[in-house]
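Remarks on the structure that follows.
Chain letters run A, B, ... following the sequence lines, proteins first, then strands; residues in each count from 1. In this text, all values refer to a predicted model and were calculated from it rather than measured experimentally. Values below: all heavy atoms of this structure, side chains included; hydrogens, waters and symmetry mates excluded.
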There are 2 protein chains.
Amino acid sequence: MPKGKKQRITRQRKVILEELRKVTSHPTADEIYQMVKKRLPKISLGTVYRNLEVLSKSGEIQKIDVDENRLRYDGNPKEHYHIKCIICGRVDDLHDLPDFKMEKKTSTITDWEITGHRLDFFGICPACLKAGRKR
Amino acid sequence: MPKGKKQRITRQRKVILEELRKVTSHPTADEIYQMVKKRLPKISLGTVYRNLEVLSKSGEIQKIDVDENRLRYDGNPKEHYHIKCIICGRVDDLHDLPDFKMEKKTSTITDWEITGHRLDFFGICPACLKAGRKR
DNA sequence: GTATTTGCAAATACTTTGCAAAACC
DNA sequence: GGTTTTGCAAAGTATTTGCAAATAC
């Protein structure tokens, strides 16, 4: 919900959202730029960044901060957890996790007003397990 | 545990660790640089970064990735959760949280080998609540 | 004495921004 | 037609790195 400004449906914004919705790989801004450039060769990286910002502010996509010092993006706007491979770096979604009731339990031990949480798991993905890769 | 290399106790490394242990504010690398510079005026920011890396690799401190695109550091090597104020940005520790048994519950729904997790809470800190500050 | 670490400066990685032209509604 | 968005390039912010000199052990 932008305040005052009316959000337009530009070709660039549309394609960025479409491409991001196609994948489950949680790409970085530059990876999205590479994907989108195949359909819109003249698009600039700055436009990609600006649109990712707009789309995440309006709740159509999500930022994921599971890499140090750069963001990844998730075309799935629904809240869910992530798991990252400590060997190959791949990031998967985790659905159907039990509800840990963390906000509620946590509010009993602190005088903060809790508005949300972020939970990420780390581990070894099936491909790395199978290949016997070590850190 | 560095492999092969023997880790030395330099003046810089010692002071960085001491200063970080003194505070509970989870400073950024540059904030640590400012703190340490008062005692070692000739230290360079690069040295601070290199030592923070060494210290976190050896488990004496922790990196916390709760800001987008920069790291904070925690002089407390013990595992614990964090809570960040969505208004003023302050980051506090959360101790004595109940054990959610998340690794165990999660391993039943995925074929990854889970090695750890990270959990951060977001909310409004007592100071911002009291001051009635809004986003 | 030798391997590690430092200070410095330059380089790198990622992201943001100013501005005139183009696109949207 | 007026406002938003784009492409481009430059700037900004955080972090890393090459190297000769200094330090730790």
Expressed as a whole number of angstroms, how long is the span from [X]:[atom1] to [N]:[atom2]?
{"X": "B:Leu40", "N": "C:dT6", "atom1": "CG", "atom2": "P", "result": "10 Å"}
{"X": "B:Gln12", "N": "D:dA24", "atom1": "CD", "atom2": "C1'", "result": "11 Å"}
{"X": "A:Arg70", "N": "D:dT16", "atom1": "CZ", "atom2": "P", "result": "13 Å"}
{"X": "A:Glu68", "N": "C:dA13", "atom1": "CD", "atom2": "P", "result": "16 Å"}
{"X": "B:Ile16", "N": "C:dT6", "atom1": "CD1", "atom2": "C1'", "result": "11 Å"}
{"X": "A:Lys42", "N": "C:dA21", "atom1": "NZ", "atom2": "P", "result": "15 Å"}
{"X": "B:Tyr49", "N": "C:dT5", "atom1": "OH", "atom2": "P", "result": "20 Å"}
{"X": "B:Arg13", "N": "C:dA3", "atom1": "CZ", "atom2": "P", "result": "17 Å"}

| field | Nucleotide paired to C:dG18 in any strand shown, Watson-Crick or G-U, under 3.5 Å | value |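 Its partner is D:dC8 (Watson-Crick or G-U wobble, both distances under 3.5 Å).
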| task | Could you give me the CA-CA distance, side-chain angles and deciding distance for A:Asp74 and A:Asp93, then say whether side chain to side chain contact (heavy atoms under 4.5 Å, CB included) is met? | result | CA-CA 9 Å; A:Asp74 191 334; A:Asp93 292 328; 3.5 Å; yes
| task | Could you tell me whether A:Arg21 and A:Glu18 have a side-chain N and a carboxylate O separated by less than 4.0 Å? | result |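 Judged by the 4.0 Å cut-off on N to carboxylate O distance, A:Arg21 and A:Glu18 do not form a salt bridge.
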| message | Can you tell whether the side chains of B:Arg90 and B:Asp92 come within less than 4.0 Å, N to carboxylate O? | response |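 The answer is yes: the pair qualifies as a salt bridge.
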| field | 5'-most by nearest nucleotide on DNA chain D - A:Val48 or B:Lys63 | value |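 Nearest nucleotide further toward 5': that of A:Val48.
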Counting just side-chain N and O atoms, does [X] come under 4.0 Å of either OP1 or OP2 of [N]?
{"X": "A:Asn69", "N": "C:dC14", "value": "no"}
{"X": "A:Thr10", "N": "D:dT6", "value": "yes"}
{"X": "B:Thr47", "N": "C:dG7", "value": "yes"}
{"X": "A:Arg8", "N": "D:dT4", "value": "no"}

| When clusters are formed from ILVMFWY side-chain contacts under 4.5 Å, directly or step by step, what else is grouped with A:Leu97? |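 ILVMFWY cluster around A:Leu97 also holds A:Tyr81, A:Ile83, A:Leu94, A:Phe100, A:Met102, A:Ile109, A:Trp112, A:Ile114, A:Leu119, A:Phe121, B:Tyr81, B:Ile83, B:Leu94, B:Leu97, B:Phe100, B:Met102, B:Ile109, B:Trp112, B:Ile114, B:Leu119, B:Phe121.
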| query | Less than 3.5 Å between a donor and an acceptor, one on the side chain of B:Arg50 and one on the base of D:dG18, is that the case here? | reply |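 In this structure, the two groups form a donor-acceptor pair.
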| said: Please classify the nucleic acid contact of A:Asp30 as base, sugar-phosphate, or nothing, using heavy-atom distances under 4.0 Å. | reply: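 Nothing: the residue A:Asp30, judged by heavy atoms under 4.0 Å, touches no strand.
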| Taking atom types as modelled, is there a side-chain donor on B:Asp120 or A:His117 under 3.5 Å from an acceptor on the other? |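 No donor-acceptor contact under 3.5 Å links the two side chains.
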| field | First of A:Gly46 and A:Ile9 reached from the 5' end of DNA chain C, by closest nucleotide | value |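 The residue closer to the strand's 5' end, by nearest nucleotide, is A:Gly46.
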